[in-house]
Chemist: 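After the structure tokens below, expect a handful of questions from me.
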Number of protein chains: 2
Amino acid sequence: MKTDTVFKRAFNDALGLIARLPDGAPLPSENRLGAELRVSRTTVRKVLTALAERGVVSGEGRRRLVRAAGRAAVEPFPEVETVPMAAHVERSFMEWTLRDDVRPGTAINERELARRFGVATTGIREFLNRFQRFGLIEKRPNAGWVFKGFTPSFALELFEIREMFELRSARAFAGLPAESPKWRQLGELRQEHLDLLGDVDRRYHDFSDLDSRYHRLINSAAPNRFIDSFFDVITLIFHYHYQWRKHDERERAAVAIREHLTYIEALFTRNIAIIELACRAHLATARETLIRSTAREKAFGGGSGTARAAGGPA
Amino acid sequence: MKTDTVFKRAFNDALGLIARLPDGAPLPSENRLGAELRVSRTTVRKVLTALAERGVVSGEGRRRLVRAAGRAAVEPFPEVETVPMAAHVERSFMEWTLRDDVRPGTAINERELARRFGVATTGIREFLNRFQRFGLIEKRPNAGWVFKGFTPSFALELFEIREMFELRSARAFAGLPAESPKWRQLGELRQEHLDLLGDVDRRYHDFSDLDSRYHRLINSAAPNRFIDSFFDVITLIFHYHYQWRKHDERERAAVAIREHLTYIEALFTRNIAIIELACRAHLATARETLIRSTAREKAFGGGSGTARAAGGPA
DNA sequence: AAACTGTTTTTTATGGAATAAAATCCAACG
DNA sequence: CGTTGGATTTTATTCCATAAAAAACAGTTT
């Protein structure tokens with residue numbers, strides 16, 4: 001059966017929305033709410049019914065009002081029930097590979113993962129098919145999947161492409177006309193970097209998101225769907241990687257922020273040679289960090305997961 | 001239920017194998033047959049049983065013999081029953097978009113495609129999830145898929161990446177040591193090009209495959225999973241594109257072969273500047289061909305398929 | 001008429017079951 | 001002892017059913 005995470009997320013968001021309205025205020029129209037909550041009217045109506053049942057809104061049809069009295073008592077749905085299955089599976093999979101230190105070459109068993117993650121095999125299959133493009137798994141028809149692993153060669157291949165793409169985008173960015181709004185956005189990001197650097201001891205874990213937004217801005221100078229798609233790979237890898245390798249996290253973030261700032265200044269000069277220098281320097285550091293971490297993963301023992309040997313049929 | 005295309009394909013291949021053996025010859029062991037037919041022993045045994053039923057082999061266990069008498073009478077399974085569902089869906093989808101001239105922005109309806117292609121919706125979903133990375137479709141959660149189309153911008157973005165990758169690989173190829181076996185392979189491919197050019201009037205449709213093998217050899221000089229994956233996109237697009245746009249096909253193939261030959265000679269010089277020149281020239285021609293064809297597709301009317309408007313929920 | 005809500009239809013997401021194919025285990029043969 | 005074939009177990013593929021969500025349709029109200 002389809003999960004109702006969409007409804008539950010929308011319900012929770014609606015609670016937040018209502019909290020900002022005064023007692024007795026009229027509710028926005030169903031269409032407006034739909035746009036706000038990013039769901040169809042069907043789901044909006046379901047949310048409204050649920051809110052009415054809990055006494056947070058009163059009235060019917062066009063005459064629905066906010067009831068402040070009920071607001072405090074209403075429990076939102078627990079966070080876990082609002083995450084879509086696809087996201088849950090992705091997260092579970094990445095954590096499985098990282099926590100259990102799954103070895104390169106390990107066979108992936110659909111049924112076992114389904115059991116482990118608490119979903120039907122269909123969900124696993126769908127995830128694996130989508131995830132294939134990330135280069136970490138490989139399909140052997142009629143014989144399952146193989147986990148190829150966070151190996152040093154994975155990191156090297158990833159960064160070879162990343163460097164090509166990033167240099168190309170940085171050059172495109174430098175060529176943007178002075179009146180492009182992207183220069184302003186770049187300035188804003190510079191400020192965000194400075195703010196984060198000033199408070200890096202407490203907020204270093206915010207860097208992952210800032211990093212992604214920065215590189216996304218650079219890429220947006222000359223959009224290309226294949227580059228965007230590749231950047232999804234980077235984002236995913238770094239997201240989980242940062243989450244998992246806590247060692248020296250603060251220090252690594254601080255270094256990266258400073259490199260970004262140099263890179264940003266370089267962009268403002270619009271001098272290609274200077275830009276390439278800053279860009280390459282930053283990517284080299286990032287590559288070293290990732291490679292060091294893959295090597296470490298390999299050196300450690302462990303590897304609990306499914307471990308059927310992986311070879312062709314026959 | 002799982003299809004038995006693997007069995008049927010193996011059965012047909014086994015018939016071909018047996019045709020080459022003399023009457024009364026002993027059959028290879030089950031393991032050997034499995035390796036030959038590229039299936040598991042389970043399937044080999046199923047094939048052997050089927051062959052025995054049809055009187056093409058006699059005996060049991062280790063004492064199975066070829067019976068020439070029966071061979072001629074045995075019908076192989078029809079070709080269609082030997083193609084795996086995934087391949088069938090892919091082909092149907094590509095033909096659908098090309099033949100019906102599906103417009104950019106058209107919503108893709110899982111059920112309708114399932115009916116049209118004669119498979120369950122699961123098969124369509126799986127295909128779409130895998131196919132997403134090709135950049136021709138896009139998913140809108142809970143609201144289906146959109147066909148983004150063979151637009152000129154698709155062709156431009158495709159070729160921007162292709163050029164980056166191909167130049168990089170060509171440079172790597174030029175740097176291979178003289179004793180690398182790839183130089184010999186390159187020489188063999190040069191000969192194949194010459195052969196094909198000599199008989200291009202009859203064999204121009206063989207170019208698609210040669211093209212793919214040639215570029216794959218170049219890429220193999222410095223393997224990178226992301227480049228290999230991107231090359232799958234190219235291969236698919238060109239495969240169907242060549243199959244569908246028959247106009248000037250012979251002429252286009254002849255031009256491309258000549259460009260390849262120039263490119264190959266350039267590689268043998270190992271002079272980077274010359275190589276880049278030849279490579280860029282070839283890619284420029286290919287890009288023009290593809291762009292011309294996308295423009296044409298857009299100019300024509302038609303667009304029969306599912307045509308629900310594509311927008312976000314609400 | 002435009003924007004809204006009530007109702008119905010269509011479509012997607014997900015679990016489950018049945019079968020093909022692969023993998024494994026085991027006894028017998030050479 | 002290594003290889004082969006027979007029997008069994010495990011796993012992947014595929015179809016189907018059902019609930020959630022979106023979309024379309026049809027009146028109402030302002």
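Numbered from 1 within each chain, the chains take letters A, B, ... in sequence-line order.
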Chemist: Just so I know, are the side chains of A:Tyr240 and A:Arg91 near enough to count as touching, which here means a heavy-atom distance under 4.5 Å?
Modeler: yes

Chemist: Between C:dT12 and B:Arg125, is there an OP1 or OP2 to side-chain N/O distance shorter than 4.0 Å?
Modeler: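 It does not, given that no N or O in the side chain of B:Arg125 lies less than 4.0 Å from OP1 or OP2 of C:dT12.
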
Chemist: Using a 6.0 Å cut-off, check whether atom CZ of B:Arg67 has over 12 heavy atoms from anything other than its own residue.
Modeler: no

Chemist: For nucleotides 25-30 of chain D, read 5' to 3', which letter fits each nucleotide if B means a protein heavy atom sits under 4.0 Å from the base, S means only the sugar-phosphate is that close, and - means neither?
Modeler: ---BBS

Chemist: Mind checking whether A:Val102 and A:Ile108 have side chains closer than 4.5 Å, heavy atoms only?
Modeler: no

Chemist: Give me the distances for all protein-to-nucleotides 18-20 of chain C N/O pairs that come in under 3.5 Å?
Modeler:
unit_1 : atom_1 : unit_2 : atom_2 : d
C:dA20 : O3'    : B:Thr3 : O      : 3.0
C:dA20 : N3     : B:Lys2 : NZ     : 3.3

Chemist: D:dA22, D:dG5, C:dT12: which one has an atom nearest the side-chain heavy atoms of B:Ser29?
Modeler: D:dG5

Chemist: Without decimals, in angstroms, what is the distance between B:Phe11 CZ and C:dA21 P?
Modeler: 13 Å

Chemist: Would you indicate whether the side-chain heavy atoms of A:Lys139 and A:Leu128 approach each other to under 4.5 Å?
Modeler: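 With C-beta onward as the side chain, the pair stays apart.
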
Chemist: If the plane angle is over 60° it's perpendicular, under 30° parallel, otherwise tilted; pick one for B:Phe147 and B:Phe93.
Modeler: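 B:Phe147 vs B:Phe93 ring planes: perpendicular.
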
Chemist: Would you mind classifying the nucleic acid contact of A:Lys8 as base, sugar-phosphate or nothing, using non-hydrogen atoms under 4.0 angstrom?
Modeler: nothing

Chemist: Please test B:Thr235 against B:Arg216 for side-chain hydrogen bond (donor to acceptor under 3.5 Å, both in side chains), starting from the C-alpha separation and ending with a verdict.
Modeler: CA-CA 10 Å; B:Thr235 302; B:Arg216 226 171 267 284; 3.2 Å; yes

Chemist: What is the separation between atom CZ on A:Arg9 and atom P on D:dA20, rounded to the nearest whole Å?
Modeler: 17 Å

Chemist: Whole angstrom is fine here: how far is it from CD in B:Glu60 over to C1' in C:dC29?
Modeler: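 It is 16 Å, rounded to the nearest whole Å.
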
Chemist: Would you kindly compare B:Trp145 and A:Gly61 by the position of their nearest DNA chain C nucleotide and give the one closer to the 5′ end?
Modeler: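 Of the two residues, A:Gly61 wins.
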
Chemist: With DNA chain D as reference, determine whether B:Arg32 or B:Thr121 sits nearer its 5' end, using the nearest nucleotide of each.
Modeler: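 Checking each residue's closest nucleotide, the 5'-ward one belongs to B:Arg32.
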
Chemist: For B:Arg111 and D:dT18, what is the distance between atoms CZ and C1' respectively, to the nearest whole Å?
Modeler: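 The distance from CZ of B:Arg111 to C1' of D:dT18 comes to 12 Å, rounded to the nearest Å.
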
Chemist: Given atom CZ of B:Phe127 and atom P of D:dT14, what is their separation to the nearest angstrom?
Modeler: 14 Å

Chemist: So with a 6.0 Å cut-off around CZ of A:Arg9, is the heavy-atom count from everything else above 12?
Modeler: yes

Chemist: Base, sugar-phosphate or nothing for B:Thr43? Non-hydrogen atoms, less than 4.0 Å.
Modeler: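 Counting heavy atoms under 4.0 Å across all strands, the contact made by B:Thr43 is with sugar-phosphate only.
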
Chemist: Once you measure the plane-to-plane angle for B:Phe117 and B:Trp96, does it fall in the parallel (<30°), tilted (30-60°) or perpendicular (>60°) bin?
Modeler: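 Taking B:Trp96 first and then B:Phe117, their aromatic rings stand perpendicular (interplane angle over 60°).
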
Chemist: Please check the phosphate of C:dT11 (OP1 and OP2 only) for any side-chain N or O of B:Asn109 closer than 4.0 Å.
Modeler: yes

Chemist: Would you please classify the geometry between the B:Phe134 ring and the B:Phe131 ring as parallel, tilted or perpendicular, with 30° and 60° separating the classes?
Modeler: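 Parallel.
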
Chemist: Taking A:Glu110 as the fixed residue, which of A:Arg115, A:Arg125, A:Arg116 is the one that meets the salt bridge (Lys or Arg N to Asp or Glu O under 4.0 Å) rule?
Modeler: A:Arg125

Chemist: Specify the separation, in whole Å, of atom CZ of A:Arg115 and atom P of C:dG16.
Modeler: 15 Å

Chemist: In terms of the nearest nucleotide of DNA chain D, which residue is placed more toward the 5' end: B:Gly123 or A:Thr42?
Modeler: B:Gly123

Chemist: Does B:Glu110 reach a base, just sugar-phosphate, or nothing at all? Heavy atoms under 4.0 Å.
Modeler: sugar-phosphate

Chemist: Ignoring the backbone of B:Met85, work out which of C:dA22, D:dA22, D:dT14 is nearest its side chain.
Modeler: D:dT14

